[in-house]
Amino acid sequence: ELAGRLHTHTGEQGGYVGVALLAVVVVAVVTARRPLTRAVAVVGVAAWVLSLGVNLVELGRDTGVALPWRLVEGLPLVGEIETMRFQVVVALCVAIVVALWLDALADLPAGGRRTLGLVATGVAMLTWLPANEQVATPALVPTFFAAGAPGLSAADVVETYPRSTG
């Protein structure tokens with residue numbers, strides 16, 4: 001199944017924008033008269049590229065094509081960022097562009113063009129809603145911590161290795 005081969009992470013289930021909403025964003029950016037709309041779109045595209053990680057993955061296969069995150073992957077602290085988390089920035093940018101688009105539509109005179117834009121945007125936004133139950137995996141508490149973490153104080157910080165992100 002195609003969905004099983006996609007490079008995804010269950011913690012980022014809202015990361016898929018969808019073709020319909022992407023089309024609204026493209027129309028909003030192309031027809032935008034505000035520099036803010038284009039600036040937010042540029043930030044969104046940059047965040048999307050960064051969210052792809054160090055190499056381009058196509059249907060579960062690492063293509064070996066280096067992506068921009070490879071340049072900062074080795075930097076202390078910055079390299080620890082999980083690139084898929086940039087999808088949150090992408091979602092925020094999409095929401096801002098759509099909000100600016102709706103604001104621009106509100107400035108149009110009442111009529112067919114404005115109504116069509118509002119209806120199309122509403123339908124496209126519905127495609128962003130989750131289609132099924134969201135996956136939640138209960139965290140298993142390791143025995144060491146369940147036993148009260150002998151030898152550690154409440155002020156201690158523990159980082160486990162290897163990290164498991166899902």
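Using a 4.5 Å cut-off on side-chain heavy atoms (C-beta onward), F144 and V158 make no contact. Two residues are said to be in side-chain contact when any heavy atoms from C-beta on lie closer than 4.5 Å; W101 and T121 meet this criterion. For the pair T83 and L52, the minimum side-chain heavy-atom distance is 4.5 Å or more. The closest side-chain heavy-atom distance from L75 to V72 is below 4.5 Å. N55 is not listed as a side-chain neighbour of V65, based on a closest heavy-atom distance of 4.5 Å or more.
Placement of V90 and L56 within a single hydrophobic cluster is found when ILVMFWY residues are connected by side-chain heavy-atom separations under 4.5 Å, directly or transitively. Hydrophobic clustering of Ile, Leu, Val, Met, Phe, Trp and Tyr side chains at less than 4.5 Å, counting indirect connections, unites L21 with V27. Residues L108 and V98 share a hydrophobic cluster, clusters being chains of Ile/Leu/Val/Met/Phe/Trp/Tyr side chains in contact below 4.5 Å. By the rule that hydrophobic residues join a cluster once side-chain heavy atoms approach within less than 4.5 Å of another member, I96 and V89 end up as members of separate clusters. Under a hydrophobic-cluster definition in which Ile, Leu, Val, Met, Phe, Trp and Tyr are linked whenever side-chain heavy atoms come within less than 4.5 Å, directly or via other members, L126 and L116 are assigned to different clusters.
Minimum interatomic distance between V30 and R38 (heavy atoms only, all atoms of both residues): O-NH2, 3.4 Å. Here the shortest heavy-atom pairing between A110 and R114 reads N-NH1, 3.8 Å. Here the closest heavy-atom approach between residue V24 and residue A124 is recorded as CG2-CB, 3.6 Å. Shortest non-hydrogen contact noted between V43 and C93 is CG1-SG, 3.8 Å.
With rounding to the nearest 0.5 Å, the separation of OG1 in T115 from CG in L105 is 9.5 Å. Here Q87 contributes atom CD and L50 contributes atom CG; the two are 12.0 Å apart, rounded to the nearest 0.5 Å. Rounded to the nearest 0.5 angstrom, L67 CG and S51 OG are separated by 9.5 Å.
Checked by atom type and distance alone, the side chain of D107 never pairs as donor or acceptor with a backbone atom of A104 at under 3.5 Å.
Remark: R34 CZ is packed, more than 12 non-hydrogen atoms of other residues, nucleotides or ligands lying under 6.0 Å away.
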